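Working notes, structure below.
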Amino acid sequence: MKRWLLLTNEELKRSTKLLVLLISGLIVAEIASLLYQIYDYQHSVEATMRIEQISELDAIEQGGGALTFAQATNFYDSIIVLAMGMIVLFAFWIWYRDWMGETKYIYRLLLLPGSRRAIFASKMATLLLVVASLIGIQWVFLLLSRTLYLWLLPDAQQVTASINEYSFYMKLFYTMYPSDILFILLMTFIVISFVFMTVLLERSFRKSKAFLLVGLTGIALIAGWIVIGVTLSAISNDLSQLHMQFYLGYVVLLTLYVSYKNLRLVQTRLSV
Amino acid sequence: MLEVKGLQKRYGRKKHVLRDVTFSVGLNEVTCLIGLNGEGKSTILKAILGLIPVDAGTVTVDGKTSRDQIAFVPDLQTMPSYMTIGQALAYMADHYPDWNPETAERLLQTFQLFTTDKMANLSKGNKAKFNLVLGFALDRPYILLDEPLAGIDLFMKEQIAWIFSSEFMEGRSILMTTHEIAEVEQVIDRVLFLRDGQIVEVKETDELRGRHHQSVQDRMREVYQG
Amino acid sequence: MKRYRQLMIYGLIILVTIGSYIGYTLSIQGADLSLETVSGKPSQIENFNLRLQTKGMRSTIYDVNAEGDIEKQSNSYVGQLFREDKITDLPDRYYKFTTQMETNVSGDEQSEYAIQIKHNKLQFKMFTFKTEETFEKTFQYDTKLETGRGLQASVVDKQAMKVYIQLDRVDRPMETKLLVLDLTGDRVEEIVLQKPVAPKNARQFLAIHQNEIVYTEQPSDSDEENTKHSYFLDDGKSVRSIKELDQQQIGYTPYANGRYLIGLRLPEGETKRIEWSTFDLETRRLSEHSVSSPLVLKKIDWLDSTDEMQLYLSSETNAGFQVSVIDLKNEQLIYQGEIKDANRKKGTNIYDFSVQ
């Protein structure tokens, strides 16, 4: 336990610069996009008022109504998707950086006493902590965005409803059911497990064999959906309604198997 | 005794890097693994340490397969560059129950390294010396060194070579690979000649000097050229 | 502690930020619903299910039944995964048949019907919701046409062991036919009507009562909502237009094996009266009826009915929602219940309503 905590702390320490860059990039991009949306909207209302010689209220109505919070935070979805992509890249990088550059930290890790499972666990824990912190930071920033939105726009141009009016990805993350954060972290764990598997296979075997094994896993994921669907339909109509549930169960089992294999790779096949 | 039996390692189907490598390293011995570039010297060390998987073979220390009696001094930096020497030592103390801080302190003083020195700012020679600190400050009887003198200047080499005849060698056995035979010839007890992934000859240096009137380098020429 | 500094920093960030999120979610109040009987008794009516959905943060679905049981459905990811959707369990064989491309499916409150016309055969399957039984029969029906390929078959009505089917040719509205299947025998008969479909019109069969057929006609290229339907009564010998129904601006639904055609007059805004017209095919008379409601009814969008000519309707009220059950035959309000939210959440709406 202590080893795992120490190694996780070290991974976080090594990642600090990158993560600070990611988080500040996220915040700056979101503020910029919010300010842009607000400015753009106000500019368009003012232009309409000037050209059509109508009142502000009429201009707002003509322009399709007040600017909703979802519209003002329209770009947040793209930024979130980008951040998710960055996290996936980070999941690759958290391993590969140990082999790259002048310092070969992988030697240090593999030579440490005790089980190598702690190495794997520390990297996974780091990813999960980073994702959890990003979710939390984004939430706080969403509240701040809301305050900014309410402050910058005059009453007639804003929709003073609850923060309910988010964009698509915000709704996916902030469902208002606290337990869903755990569900999201479970999904993160599943995705990261497959990313880790790809890295560990590549670092343990020849490229061709690694590629093949990754490909087979991909096929297992896709084929699983199809096979489960067909099998359930063949058995009964009732069961075919539970396609998604069965598939999720299958993915969870596959992830457990992949995790087991990952641990085995780290313990027995990983090579400097 | 560190015993290596039947190590086999292949890359792909055709490239045999190690073929049935068998040898042992006794306590209080300095053993040198010699071979031309690409013969598999580093591969043997890494295989012993479990840094690469092997296709066959065993490594035991006093009959046990555990590697916690073996320390490693690699020829590259293994601590993150942002660390200071002090932080690196703290890292070792945190992770290794057999870390000896007093030995580390003494070695630092001997090598004139300071805890505030940043890893990123160390010269190649100082990095090599610090690697020695990391290896020798573990209370382990067997130390494996991979090219400890590679690419550093003469004076640094002398400083580093000194360790093999110092008090830090008490109760230790060394297995090292090096091309800098001249600098360490005097402290080597045994030489293993590696060719085509196999140990082709084992010689005690006393025997080489006494009976054959040869230096290790002389013998090298015979093995690899003649 | 210094060794774990980064961990603690991250832990703190997570604690504060996600803690703030959790605190926010906990402060959201759900609805606190209860059903109060305003008139009549729940025992006198069939069970219903009124599904309400709250708006805003943590939108939730609530199911209310005649007994006043309130079931809340969690919309969390785990809740959605393990939710049992209250859909009818169709038998596999029947269900597979309905999913075929050549099968046309239609239905009423009691049953679902699936028809396939192919290779000179008419395959008829019926699933009754209450008894959960399937009935199947194949009839000989000579035609070059196929359902799913230009032919559309839908059940107009089922009376005892006779099923009346409207057969439309997708590209030829003037060739709409009315077939009757005798489920005790193996005959498919075409009911010959006295008047062909008027040019550029489309015909819709509405009710069959004894030997009389009621159908509507309207221009075939028009938008259904705004066009006037013309009503016709064909008694096998002649056709007459039902001018009384033509003049109404409402749609009619058959009841009691086609004997009555009932059209509801539902106002757009608020009302305390439910009004309807009844056309009795036996007397050929149109009559007006109404019941008054103790509650003010707003936005009456949800209706369902039973064989026994009971109309179930659900709408908003000033204080929440209501369910009323009206006996259309005897012109009586049998039951009315009001659903109120003690937490007075705004924006709640009716998601679904049906008789069970």
Side-chain angles (χ1 to χ4, degrees), chain A residues 2 5-16 19 23 122 125-126 128-143 161-166 171-184 186-187 233-242 244-245 248-249, chain C residues 1-30 54-60 72-99 127 134 345-347:
Chain A
K2 183 189 163 191
L5 288 174
L6 284 170
L7 287 173
T8 307
N9 193 77
E10 198 59 47
E11 293 291 344
L12 288 170
K13 214 198 269 186
R14 292 177 72 203
S15 314
T16 302
L19 294 170
I23 292 168
S122 67
T126 303
L128 292 174
L129 283 170
V130 166
V131 169
S133 67
L134 278 173
I135 291 174
I137 290 168
Q138 177 65 83
W139 166 252
V140 169
F141 194 68
L142 193 66
L143 293 175
S162 68
I163 201 171
N164 167 52
E165 294 287 312
Y166 318 137
K171 281 198 175 96
L172 286 184
F173 283 104
Y174 306 111
T175 60
M176 296 300 132
Y177 288 96
S179 59
D180 282 349
I181 298 286
L182 292 172
F183 188 83
I184 290 166
L186 173 67
M187 293 299 113
S233 295
I235 297 173
S236 103
N237 171 39
D238 290 351
L239 280 180
S240 70
Q241 310 284 348
L242 298 172
M244 177 55 87
Q245 287 86 334
L248 191 61
Chain C
M1 279 303 127
K2 206 176 163 192
R3 306 147 152 185
Y4 303 110
R5 185 170 16 175
Q6 274 72 18
L7 259 176
M8 287 173 68
I9 291 170
Y10 270 86
L12 193 66
I13 290 172
I14 291 167
L15 196 70
V16 169
T17 56
I18 295 200
S20 128
Y21 172 65
I22 293 174
Y24 194 96
T25 64
L26 293 175
S27 72
I28 299 168
Q29 229 180 15
T54 54
K55 276 273 181 292
M57 305 297 257
R58 203 160 65 212
S59 160
T60 310
K72 190 168 102 173
Q73 279 183 30
S74 169
N75 251 356
S76 68
Y77 288 126
V78 176
Q80 284 176 46
L81 271 179
F82 292 103
R83 181 187 299 164
E84 269 183 47
D85 269 320
K86 286 189 172 82
I87 46 167
T88 314
D89 294 329
L90 297 169
D92 299 330
R93 211 174 111 88
Y94 173 79
Y95 178 72
K96 276 185 190 135
F97 181 72
T98 62
T99 57
F127 177 74
T134 317
K345 278 184 78 73
K346 287 184 192 161

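What you see is a predicted model, and the numbers here were worked out from it, not measured in a lab.
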### Query
Is there a side-chain contact between Leu248(A) and Tyr77(C) (heavy atoms, below 4.5 Å)?
no
### Query
Is chain A contacted by the side chain of Tyr21(C), its backbone, both, or neither, given a heavy-atom distance below 4.5 Å?
both
### Task
Nearest 0.5 Å please: distance from the CD atom of Gln80(C) over to the CD atom of Gln245(A).
10.0 Å
## Note on the structure
Sorted by chain and residue number, the ring pair (Phe, Tyr, Trp, His ring centres under 6.0 Å) partners of Tyr4(C) (sequence neighbours excluded) come out as none
### Leu242(A) versus chain C, the contacting section by heavy-atom distance below 4.5 Å
neither
### Task
Answer yes or no: does atom NZ of Lys72(C) have more than 12 heavy-atom neighbours from other residues, nucleotides or ligands under 6.0 Å?
no
### Task
Working to the nearest 0.5 Å, report the span between CG of Asp180(A) and OG of Ser74(C).
7.5 Å
### Task
Enter the distance from Tyr24(C):OH to Tyr174(A):OH here, rounded to the nearest 0.5 Å.
13.0 Å
### Query
Which value, rounded to the nearest 0.5 Å, describes the distance between Arg3(C) atom CZ and Asn9(A) atom CG?
10.5 Å
### Value rounded to 0.5 Å, distance of CD1 in Ile22(C) from CE in Met176(A)
11.5 Å
#### Entry: Pick from Thr175(A), Ile235(A), Val130(A) with the largest number of heavy-atom pairs that fall under 4.5 Å of chain C
Thr175(A)
### Thr126(A) portion near chain C, given a 4.5 angstrom heavy-atom threshold
neither
### Query
For atom CE of Met187(A), is the number of surrounding heavy atoms from other residues, nucleotides or ligands below 6.0 Å larger than 12?
yes
### Structural part of Ser59(C) lying under 4.5 Å from a heavy atom of chain A
backbone
### Summary
Interatomic distance, OG@Ser133(A) vs CD1@Ile9(C), rounded to 0.5 Å, equals 11.5 Å
### Minimum side-chain heavy-atom gap Leu7(C)-Leu129(A) below 4.5 Å
yes
#### Entry: Residue Phe141(A) versus chain C: region with a heavy atom under 4.5 Å
neither
### Summary
Applying a strict 4.5 Å limit to non-hydrogen atoms, the region of Leu81(C) in contact with chain A is both
### Message
Please find the pair of heavy atoms, one from Ile18(C) and one from Gly136(A), that lie closest to each other, and give the distance.
### Response
CG1-CA, 3.7 Å
### Task
Look only at the side chain of Tyr177(A) and the backbone of Asn75(C), and say whether a donor-acceptor pair between them is shorter than 3.5 Å.
yes
## Note on the structure
Comparing Val140(A), Leu182(A), Leu12(A) against chain C, the one with the most heavy-atom pairs below 4.5 Å turns out to be Leu12(A)
### Task
Examine whether an atom of Ile181(A) lies under 4.5 Å from a heavy atom of chain C, and if so say whether it belongs to the side chain, the backbone or both; otherwise answer neither.
side chain
### Task
Tell me, for Leu172(A) versus chain C, whether the close heavy atoms (under 4.5 Å) come from the side chain, the backbone, both or neither.
both
